[in-house]
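Within every chain, numbering begins at 1; the chains are lettered A, B, ... in the order of the sequence lines, protein sequences first and strands thereafter.
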There are 2 protein chains.
Amino acid sequence: MTTPRPKPAPTRARRTTIYDLAVLVGASPTAVSAVLNGTWKKRRISASLAERITRTAEEQGYALNLQASGLRREKSRLIGMIVPKYDNRYFGSIVERFEAMARARELFPIITCTMRDPALEIQAAREMISHQVDCLIATGATDPDRITAICEAAGVRSLNLDLPGSRAPSVISDNFGGALALTRRILAASASQRHRGEPIPFIGGRASDHNTSERIRGFRAAHEEAGIIVDETMILATGYAPDRAITALEVLAKRRGQLPRAIFVNSTIALEGVLHWTRSSGHFGSVAPHVGCFDWDPLAAVLTENIVMVQQDVPAMLEALFRLIDADDPAPGLSEIPTHFAPQPFAGTAATAGAD
Amino acid sequence: MTTPRPKPAPTRARRTTIYDLAVLVGASPTAVSAVLNGTWKKRRISASLAERITRTAEEQGYALNLQASGLRREKSRLIGMIVPKYDNRYFGSIVERFEAMARARELFPIITCTMRDPALEIQAAREMISHQVDCLIATGATDPDRITAICEAAGVRSLNLDLPGSRAPSVISDNFGGALALTRRILAASASQRHRGEPIPFIGGRASDHNTSERIRGFRAAHEEAGIIVDETMILATGYAPDRAITALEVLAKRRGQLPRAIFVNSTIALEGVLHWTRSSGHFGSVAPHVGCFDWDPLAAVLTENIVMVQQDVPAMLEALFRLIDADDPAPGLSEIPTHFAPQPFAGTAATAGAD
DNA sequence: CCCTCCTGCTCAACCGATGTAGCAAGAGGT
DNA sequence: ACCTCTTGCTACATCGGTTGAGCAGGAGGG
């Protein structure tokens, strides 16, 4: 019945279905389906028939068609996530952990990266909805509320991660608190090398996104505590490209006629540029500035002196996220997860202990 | 099966279907379907009806049910990829590029990471097949042929990336050539600091995987060219964990009673351990050894003196991969893509030019 | 012996989209 | 006036599972 093809039927063996199995076993498709999806006890199929069906399915290498199954059940057991980039450890660990936790709940995670492109975010969200995801997580989305609106229209639950929205529950880091603690630390560390009242620059990120603006707030608060005034020219939220960070610092140094003794860096990607500049510009000689980085990278930890990194607590964030997913209560609140300072590399491992 | 809740049916508005639209427009579901999937000209639907249908669909926020569509068409326009980890730039860029290229072909990419766990690889492959992927890419799989076999049984095309298999077409880096060139370079760079005939250690990876063994072969070939004998104790393929690399180097140094003047490092993850050891063990003082790393990380590039990194040519690999996907000819050959040395950080950018 | 209950299974109607077949109305040709 | 062709649409079966309803046969009770 497939098609009236004059094809010499080369390979294209049709996939085994429950109907094929039913014929093989001599039972009804219903029985096969019930056995294979585990509802057979409830449906009063005998253990012996169940055994025969299971065995035959295995022999035939039967694979359930989840498209058909999902269509009938009107849910897919698919959970979607959109993510901006795969070029840093933060999003990498979010995705790894998300997948593991989704699988533990018998959900199939589908993740797609949007290259920080707002149009692609929307397109990806729509595609995921078309694929009938039961739930969609927007991670670091530029316009989370837009995604929430699209999901709402389709009756799909949505949550925000990393960047908050106002219309869906959001789990984010305590950006203010993390930036405050980080700024305090590098202000203290660099105190003896700075003039009295001299502020440090903030570099990277987009002032328009919530996280960056909260971090700037924490950055300012720490300065204020220390009695330091921060003027606008110290805030260089020039985006996520490393070379923009370099240019901005170069310009700043030229204008001020002096080099910063400490720098607040707002992402590991910006950090690439910053560290390149401090190392290879020749400006600093052997006295590298203190660097505080909001986000963590293990190679930076190993290779940089005078660096402090704030690590976002990905496990805790995802625990919180899945608590919201498990409880299907869509109260659109904001969960802020505390950050912590990244530990010394290899602290407490056999490797360090052994290196006497 | 969630729970027997006395829920007051709060929101859960059913999703709009072509039947709903058909009623609204006063046309048949067939017409709606034809208009929305673009076959309406062929089906001789009038432009005016098409216009009305399109408008109504938009107003109602209609989203196609790809589960139903895929079921009927017997293909999903889904393309699957399994990937070991998200903790390095190599796999990150593979995934980013794969997604972009898949989307350019109107395929929806679904990617899942398997944490280098062979059982999870198999499970993930099966799940993807159940979701009816049209094609499955096994990236860095520990047992690619097993996955190919599973795909074959289900009539799904499969390809290997990064690690080759014998039963499906494979696209990988020229590991031998890359390792040969890299080893030559660090042997040359460290020549004046090594005793005559002194080999350097190879650290990281698994000797059982094809890539590592090819790299070892290239590593040995470069030594042989230089008239240096490499005994087994210099090959430290201790896996991908950074702390294992540290331990192995520590043991090696103790046994030989001297420090290596150059090191071949087989992944950026092992590099974390290696650089930690060279920096903080105190062994090296200010004379860091020459490091050659098979794989690239931008922070390592910026922060390490005397490092040479081999970068795998991800764009070229994915071009080759998609050529195989586009041509549906499954000849199980091996494409080896040349690698190159990573360029100087920010070379040729405004950033460098500006930093006078 | 009749009635009820339980066991073990099957039937048929879906889920939403799509491809094939076909029908009614009007245009155009002879 | 009759036939053919085109236009613009609809009806229906189908993809592969799932699910509520229901049926046959045997056990058990009165």
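- One can place CH2 of B/W40 at 10 Å from P of D/dG8, the figure rounded to the nearest angstrom.
- The closest side-chain donor-acceptor pair between A/R43 and A/T30, if any, does not fall under 3.5 angstrom.
- With respect to the salt-bridge test (charged N to carboxylate O, under 4.0 angstrom), the residues A/D20 and A/R15 do not qualify.
- Side-chain contact check for A/F91 versus A/Y86: every heavy-atom pair is 4.5 Å or farther apart.
- Salt bridge annotation for A/E152-A/R167: present, with a cationic side-chain nitrogen under 4.0 angstrom from a carboxylate oxygen.
- Looking at heavy-atom distances under 4.0 Å, A/S69 makes contact with sugar-phosphate atoms alone, never a base.
- Atom CD of B/E74 and atom C1' of C/dT20 are 15 Å apart (whole Å).
- For A/K75 and D/dT19, the NZ to C1' distance is 14 Å, given to the nearest whole Å.
- What separates CD1 of B/I18 from C1' of D/dC12 is a distance of 13 Å, to the nearest Å.
- In this structure, B/K42 atom NZ and D/dC9 atom C1' are separated by 16 Å, rounded to whole Å.
- Whole-Å rounding puts the A/L71 CG to C/dC14 C1' distance at 9 Å.
- Donor-acceptor pairing under 3.5 Å is recorded for the side chains of A/T112 and B/R103.
- In summary, the side chains of B/Q67 and A/S76 do not present any donor paired with an acceptor at a separation below 3.5 Å, with no hydrogens or angles considered.
- Within residues 59-68 of chain B, the residues approaching DNA chain C are B/Y62, B/L64, B/N65, B/A68, by heavy-atom distance under 4.0 Å.
- Of the N and O atoms on the side chains of B/S166 and B/D145, at least one donor lies less than 3.5 Å from an acceptor on the other residue.
- Rounding to whole angstrom units, CZ of residue A/R15 and P of D/dG16 are separated by 10 Å.
- Between A/R77 and A/E106, none of the side-chain N atoms (NZ, or NE/NH1/NH2) sits under 4.0 Å from a carboxylate O, so this pair counts as no salt bridge.
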Nucleic acid footprint by protein, nucleotides 8-13 of chain C - heavy-atom cut-off 4.0 Å, B for base, S for sugar-phosphate alone: BBSBBB
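- Applying the 4.0 Å criterion to OP1 and OP2 of D/dG17, one finds that A/N37 has every side-chain N and O outside that range.
- At least one side-chain heavy atom of B/I129 sits under 4.5 Å from a side-chain heavy atom of B/I150.
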